[in-house]
Amino acid sequence: MSFYTGIGIHPLMPDGSLGPETEVSGLPDGVKINFVTWSNDGKHLTFSVRFEEEESSSSKLRVWVADVETGMARPLFQSPDIYLNAVFDNYVWVDNSTLLVCTIPLSRGDPPKKPLVPSGPKIQSNEQKTIVQVRTFQDLLKDEDLFDYYATSQLVLASLDGTVKEVGSPAVYTSLDPSPDEKYILISSIHRPYSFIVPCGRFPKKVDLWTADGNFVRELCDLPLAEDIPIASNSVRSGMRSLNWRADKPSTLYWAETQDGGDAKVEVSPRDIVYTQPAEPQEGEEPEILHKLDLRYGGISWCDDSLALVYESWYKTRRTRTWVISPGSKDVSPRILFDRSSEDVYSDPGSPMLRRTSTGSYVIAKLRKENDNATYLLLNGNGATPEGDIPFLDLLDINTSSKERIWESDKEKYYESVVALLSDQKEGDIHINDLKILTSKESKTENTQYYIQSWPDKKLCQITNFRHPYPQLASLQKEMIRYERKDGVRLTATLYLPPGYDPLKDGPLPCLVWSYPGEFKSKDAAGQVRGSPNEFAGIGPTSALLWLARRFAILSGPSSPIIGEGDEEANDRYVEQLVASAEAAVEEVIRRGVAHPNKIAVGGHSYGAFMIANLLAHAPHLFCCGIARSGAYNRTLTPFGFQNEDRTLWEATNTYVEMSPFMSANRIKKPILLIHGEEDNNPGTLTMQSDRFFNALKGHGALCRLVILPFESHGYSARESIMHVLWETDRWLQKHCVSNTSEVSADIGKNKDGEGKEVTDIENKAVAASGGGGAELADDIESGQFYSKTRSLM
């Protein structure tokens with residue numbers, strides 16, 4: 001777990017500048033800080049600390065609190081025996097002087113020991129012939145007693161004056177959520193019977209309502225074990241879900257319930273119903289229907305009794321809709337505000353900006369103008385265009401849907417975006433002349449800085465001056481390039497070149513292509529430009545951009561769309577489209593003269609690693625070697641769907657087999673480096689996938705290497721692991737890319753015959769006994785989504 005080593009607090013001055021820093025003091029030497037949280041009134045900070053204690057190797061967490069004005073920090077609990085249990089939720093501010101904390105029960109004792117002699121066999125049964133299809137989940141429960149031992153918490157109410165009170169019985173509490181008026185708390189917990197085939201999020205779930213001082217009020221729901229949620233996209237759990245507090249009310253609950261049994265394949269109208277109810281309803285008072293939806297419920301942005309926005313979407317069609325409702329007026333009919341394709345980023349209107357209330361909740365900000373009775377919302381959008389993202393801020397008249405652009409990012413040199421609304425010191429509507437926003441600003445070579453911009457003159461005040469994180473690469477060259485696939489689909493990629501490089505003088509370079517595929521329903525959406533050419537080049541611990549320092553050209557994120565228009569399933573033409581995208585990318589960097597045709601390597605993480613293995617199998621003429629991290633290579637080991645594939649192995653056998661590079665291991669003749677965390681917890685990417693793929697490659701004489709990282713999950717964290725992954729990757733690139741002398745033309749000729757060049761460098765076949773890896777800059781897991789790179793945060 002990453003951590004902070006110190007905290008500095010700056011006041012925001014009236015002129016928008018930052019005041020002098022107050023460093024949080026009183027902390028132990030070598031402290032490791034996590035879970036930093038503000039009190040609602042902003043006068044205190046709480047955080048967890050870990051530090052080396054004498055005569056103890058304990059890594060238990062303690063809760064500390066700091067006075068914001070003085071910076072003095074102290075333990076929240078006077079007793080040294082009270083520790084934080086952060087397996088699920090950790091702590092919340094109930095009010096400005098009281099916290100509810102998940103603690104390790106004082107009576108916990110030593111962990112249960114595995115018996116030397118088992119009490120009997122482990123048995124799973126389906127004698128009722130129930131149809132239960134689940135994705136290939138990893139990191140599942142193995143020992144129920146051990147899970148209970150570590151996950152069970154005792155809730156404790158702790159006041160800043162030192163008062164401590166245990167509330168409730170020890171249980172596996174998963175979330176704590178106080179009401180806006182600080183009178184109630186929603187307490188969620190999970191309980192037995194557990195499951196060995198689905199994650200803990202599907203275990204039986206109980207949600208109770210307590211008073212703020214820890215007294216039980218009523219049970220809201222007790223959902224049974226959910227092993228039978230269908231695998232189709234948009235399938236959900238039956239019963240109450242997304243149970244939460246209305247942000248605009250003191251203590252009103254709302255939730256959604258499915259009407260299709262949770263099965264997305266069932267046709268029904270409505271599909272979801274949203275309900276609302278007071279925390280303590282009158283006797284006989286039933287939940288009130290707030291809204292009915294024909295797509296899948298996706299959340300609500302609250303404003304007041306006259307306005308709320310309800311979201312719904314459907315993955316198969318990529319349709320997404322936003323409804324305008326009046327929660328307090330039953331005679332006002334709901335109406336659609338936006339109805340669009342979620343793939344069409346050019347039509348994205350943006351999201352409403354929220355303001356913070358005095359209770360700490362967030363509601364939609366309403367704006368007004370002088371001598372204007374209209375109600376306006378602020379829409380904060382990415383502003384995707386054919387020239388790249390140009391973020392914007394629009395004033396939306398909620399009644400007429402007319403828009404006025406009041407702010408837009410510079411598009412010549414800089415990339416700017418709106419981070420937060422700062423005009424929330426007063427309750428009620430915000431006058432346009434009192435508008436104040438926090439923005440970020442960056443360029444290709446200038447790292448992100450933060451500014452406060454104030455209306456009406458849009459005065460800009462810079463509040464940060466962060467140093468460049470890697471000055472050695474401060475003058476790197478970055479360009480968003482556009483090219484076309486042979487089927488006419490427009491593609492984009494970001495090309496990075498080393499500082500001072502001139503293709504005319506220096507000639508072509510070794511090139512590393514780092515990619516991740518995405519799925520689309522239309523060619524037009526697949527060809528849209530995502531991202532900005534002016535964004536700062538963020539470099540993560542194991543980012544491909546590190547090889548700019550080794551004089552590589554880096555082609556980052558080249559579009560690899562897998563398109564299934566109409567009723568066509570995208571994956572039925574997966575390999576064909578994948579190869580076409582790769583061919584277009586390689587041809588473009590060669591045409592530009594920046595990449596040596598014989599020295600182009602390809603790499604990827606997770607579903608990107610799956611892609612890389614397929615490219616080496618089906619397009620060996622393009623690349624000299626490959627690097628595949630934490631991937632899945634045999635789709636028969638994920639028989640009930642993967643990524644965005646909803647069909648099972650038995651429904652789409654040919655697709656599963658043809659997409660699996662494991663089945664084409666005999667065709668992979670180019671060097672491939674496999675890296676995997678020993679304890680990968682990501683669905684589908686079991687460590688066994690790399691083990692078995694390596695054995696298949698080795699069995700056919702492929703030049704390959706497998707590195708298993710001890711104690712690492714899907715992304716890599718330990719310093720030792722990260723450094724080792726860098727060493728393994730650099731060694732592979734230097735040996736099989738920089739030093740490559742094979743002729744591309746010869747390889748192309750062989751590829752047409754379905755054969756590859758035999759590898760005779762037998763001494764390079766090796767399995768590393770240990771290794772390492774690091775979390776990617778944008779760690780895309782097999783979640784069924786296609787994301788752009790992670791934005792830098794303050």
Side-chain angles (χ1 to χ4, degrees), residues 469-473 476-477 495-501 506 508-516 537-557 589 594-596 598-606 608-609 612-613 615-616 623-631 670-677 690 694 702-710 712 715-742 759 761 763-779:
Y470 19 86
Q472 303 91 333
L473 296 175
L476 61 80
Q477 303 173 55
L495 177 63
Y496 295 90
L497 298 171
Y501 168 72
D506 303 327
L509 298 171
C511 179
L512 174 58
V513 179
W514 201 269
S515 189
Y516 192 96
I539 301 180
T542 57
S543 169
L545 299 188
L546 290 169
W547 275 268
L548 289 168
R550 295 290 255 166
R551 304 296 290 177
F552 270 73
I554 308 297
L555 192 67
S556 177
V589 291
V594 298
H596 193 292
N598 301 336
K599 299 181 179 182
I600 301 177
V602 63
H605 183 91
S606 193
I612 269 57
L615 287 175
L616 294 186
F623 305 105
C624 61
C625 66
I627 300 160
R629 300 176 185 167
S630 300
K670 293 298 177 69
I672 182 169
L673 172 63
L674 304 174
I675 301 175
H676 216 120
S690 286
F694 174 78
L703 199 166
C704 52
R705 183 176 177 90
L706 172 63
V707 180
I708 302 296
L709 314 174
E712 294 292 359
Y716 320 137
S717 301
R719 176 184 176 86
E720 296 86 347
S721 299
I722 291 169
M723 297 302 289
H724 192 85
V725 160
L726 296 179
W727 179 84
E728 289 281 359
T729 305
D730 189 61
R731 171 186 176 274
W732 205 253
L733 291 174
Q734 294 299 322
K735 190 169 187 178
H736 301 295
C737 181
V738 175
S739 302
N740 183 52
T741 57
S742 64
V759 178
D761 192 8
E763 66 271 19
N764 287 321
K765 302 174 194 170
V767 181
S770 62
E776 299 302 307
L777 177 63
D779 183 21

Checklist entry - Counting distance only, does the side-chain N/O of Lys670 pair as donor-acceptor with the main-chain N or O of Cys624 below 3.5 Å? => result no
Checklist entry - What distance do Trp514 atom CH2 and Ser543 atom OG have between them, rounded to the nearest 0.5 Å? => result 8.5 Å
Checklist entry - Just by distance, do the side chain of Glu712 and the backbone of Ser717 share a donor-acceptor pair under 3.5 Å? => result yes
Next on the checklist: Quick check for you: to the nearest 0.5 Å, what is the distance between Leu497 atom CG and Leu548 atom CG?
Outcome noted: 8.0 Å
Checklist entry - Are any non-hydrogen side-chain atoms of Leu476 and Tyr501 less than 4.5 angstrom apart? => result no
Checklist outcome for this item: Heavy-atom closest pair (Leu512 atom, Gly603 atom, distance to 0.1 Å) is CD1-N, 4.2 Å
Checklist entry - Which heavy atom of Ala601 sits nearest a heavy atom of Leu733, and at what distance? => result CB-CD2, 3.6 Å
Next on the checklist: Quick check against the 3.5 Å criterion: does Gln477 have a side-chain atom that pairs as donor or acceptor with the backbone of Pro498?
Outcome noted: yes
Item to check | Derivation and outcome, side-chain contact (heavy atoms from CB on, under 4.5 Å), residues Leu726 and Trp547 | outcome: CA-CA 10 Å; Leu726 296 179; Trp547 275 268; 3.8 Å; yes
Item to check | CG-OG distance between Asn598 and Ser739, expressed to the nearest 0.5 angstrom | outcome: 12.5 Å
Item to check | Note, Ile612 side chain near Ile627 side chain (heavy atom, < 4.5 Å) | outcome: no
Checklist entry - Between His736 and Leu673, does a side-chain contact (heavy atoms from CB on, under 4.5 Å) hold up when you go through it step by step? => result CA-CA 10 Å; His736 301 295; Leu673 172 63; over 6 Å; no
Next on the checklist: Any heavy-atom pair between the side chains of Leu509 and Val594 that's under 4.5 Å?
Outcome noted: no
Checklist entry - What's the verdict on side-chain contact (heavy atoms from CB on, under 4.5 Å) for Val738 and Arg550, showing C-alpha distance, side-chain angles and the deciding distance? => result CA-CA 10 Å; Val738 175; Arg550 295 290 255 166; over 6 Å; no
Checklist entry - Atom CG of Leu495 and atom SG of Cys511: how far apart are they, to the nearest 0.5 Å? => result 7.5 Å
Checklist outcome for this item: Nearest heavy-atom approach of Gly631 to Ser690 is O-OG, 4.3 Å
Checklist entry - CZ of Phe552 to CD of Gln734: how many Å apart, nearest 0.5 Å? => result 5.5 Å
Next on the checklist: I need the minimum non-hydrogen distance between Ala537 and Leu545, along with the two atoms involved.
Outcome noted: CB-CD1, 4.1 Å
Next on the checklist: Could you measure the distance from the CG atom of Leu473 to the OH atom of Tyr496? Nearest 0.5 Å is fine.
Outcome noted: 11.5 Å
Item to check | From CA spacing to verdict: side-chain contact (heavy atoms from CB on, under 4.5 Å), Thr542, His605 | outcome: CA-CA 11 Å; Thr542 57; His605 183 91; over 6 Å; no
